[in-house]
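To start, the structure itself, in structure tokens.
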Amino acid sequence: MDRITIDLVSDVVCPWCYLGKARLELAIAEVQDEVSVDINWRPYQLNPDYPPEGVDQQVELAKKLGGKENMDRAHAQLTALGAEVGIKFNFAAIKIGPNTLDAHRLIHWAGQESREVQGRVVDLLFKANFEDGRNIGDPIVLQDIATEAGLSRDVVTSLLSGDADVEHVLAEVDAAKQMGVNGVPFFIFDQQYAVSGAQPPDELANALREIAKAKAEALRNLN
């Protein structure tokens, strides 16, 4: 079976990234008998200038989207799209717009354990923010998520209290921008094929099949 690695550039406060993740999971389930997929989560910050304590989410987002009416319309659209893939978006519950640097540090540490643990942490962060309205910039919330995902609370608490891997995360965000990523989610398949945006599951499944086919052909030509 062909194995494909996806570097998924995303931010855990990006609703389209949460949607893209759910759609990708459906696509992977569709091709699971044909293709094996590994996911590496790569950081991106939509709001790098937010202070550590965060901002008033409703006020800032309305400003960014050109008014409350536009924000409500976007939220209604996303809520409907989320419902199709099992996401219960609860935008009204999100009071704090966090700086996601520490959340990305946590994702990085989880990745050092295993892809499975990293996937769990990413899942819990998205759910905490978008479904439960928890502040994922709060160290206590991050410690809770780490514990739930199977990481050592003491280790994560200690790491969060310092600046471990801050430079690493910022360098990765910068590398994504240098590569031309200016919106997320951004999928990089096997470090050579790129897909931008939360594509429908069937399109992602087709992309996986096509790449697997191309890899198999390249291998045959080598032999």
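Note that the numbering runs from 1 along the sequence shown for the chain. We use all heavy atoms of the structure for the numbers below, so side chains are in, but hydrogens, waters and symmetry mates are not. Here the structure is a predicted model, which means the values were calculated and not measured.
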Minimum-distance pair of heavy atoms, taken over all atoms of [X] and [Y]:
X: A103; Y: V12; result: CB-CG2, 4.0 Å
X: A176; Y: Y44; result: CB-CD1, 4.4 Å
X: A198; Y: P185; result: N-CG, 3.8 Å
X: Q118; Y: I107; result: NE2-O, 3.1 Å

Requested in this report: Please determine which of I211, L204, L208 meets the side chain to side chain contact (heavy atoms under 4.5 Å, CB included) test together with I6.
Outcome: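 Exactly one candidate clears the test, L208.
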Query - Identified side chain to side chain contact (heavy atoms under 4.5 Å, CB included) counterpart of L106 within the set D165, T100, V121 - result: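 When side chain to side chain contact (heavy atoms under 4.5 Å, CB included) is applied between L106 and each of D165, T100, V121, only V121 qualifies.
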Lys/Arg-Asp/Glu bridge criterion (N-O < 4.0 Å) met for [X], [Y]:
X: D102; Y: R105; value: yes
X: E131; Y: K88; value: no
X: D2; Y: K213; value: no
X: E69; Y: R73; value: yes
X: E30; Y: R209; value: yes
X: K95; Y: D56; value: no

[atom1]/[X]: more than 12 non-hydrogen atoms of other groups inside 6.0 Å:
X: E53; atom1: CD; answer: yes
X: D174; atom1: CG; answer: yes
X: E116; atom1: CD; answer: no
X: Q191; atom1: CD; answer: no

Report task. Please report the C-alpha distance between S10 and W41 in whole Å, then the side-chain angles of each, then the deciding distance to 0.1 Å, and finally whether the side-chain contact (heavy atoms from CB on, under 4.5 Å) criterion is met. Result -> CA-CA 7 Å; S10 104; W41 288 90; 3.5 Å; yes
Rounded distance (nearest 0.5 Å) linking atom [atom1] of [X] with atom [atom2] of [Y]:
X: R23; Y: E203; atom1: CZ; atom2: CD; result: 9.5 Å
X: I188; Y: R42; atom1: CD1; atom2: CZ; result: 8.5 Å
X: R120; Y: L125; atom1: CZ; atom2: CG; result: 13.0 Å
X: Q57; Y: M71; atom1: CD; atom2: CE; result: 8.0 Å
X: K127; Y: I145; atom1: NZ; atom2: CD1; result: 10.0 Å
X: H104; Y: H168; atom1: NE2; atom2: NE2; result: 11.5 Å

Requested in this report: Before giving the answer on side-chain contact (heavy atoms from CB on, under 4.5 Å), spell out for R134 and I94 the whole-Å C-alpha distance, their side-chain angles and the decisive distance to 0.1 Å.
Outcome: CA-CA 7 Å; R134 293 161 77 197; I94 308 171; over 6 Å; no
Donor-acceptor check, side chain of [X] to backbone of [Y], threshold 3.5 angstrom: yes or no?
X: D190; Y: T5; value: yes
X: T79; Y: H75; value: yes
X: N135; Y: G137; value: yes
X: D138; Y: I140; value: yes
X: Q199; Y: S196; value: yes

Any chain of hydrophobic side-chain contacts (each under 4.5 Å) joining [X] to [Y]?
X: V13; Y: V173; value: no
X: I87; Y: L78; value: yes
X: V85; Y: L8; value: yes

Query raised in the report: Are a donor atom and an acceptor atom from the side chains of Q45 and N99 found within less than 3.5 Å of each other?
Result: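 Judged by distance alone, the side chains do pair up.
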Query raised in the report: Do R115 and N40 get their side chains close enough for a donor-acceptor pair, meaning under 3.5 Å?
Result: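 A donor-acceptor contact under 3.5 Å links the two side chains.
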Query - side-chain contact (heavy atoms from CB on, under 4.5 Å) between I28 and I39, worked out - result: CA-CA 11 Å; I28 290 170; I39 300 171; 3.9 Å; yes
Report summary line: Those residues at least two apart in sequence (or on a different chain) that pass ring-ring contact (aromatic ring centres under 6.0 Å, His included) with F89 are Y18, F91, F130
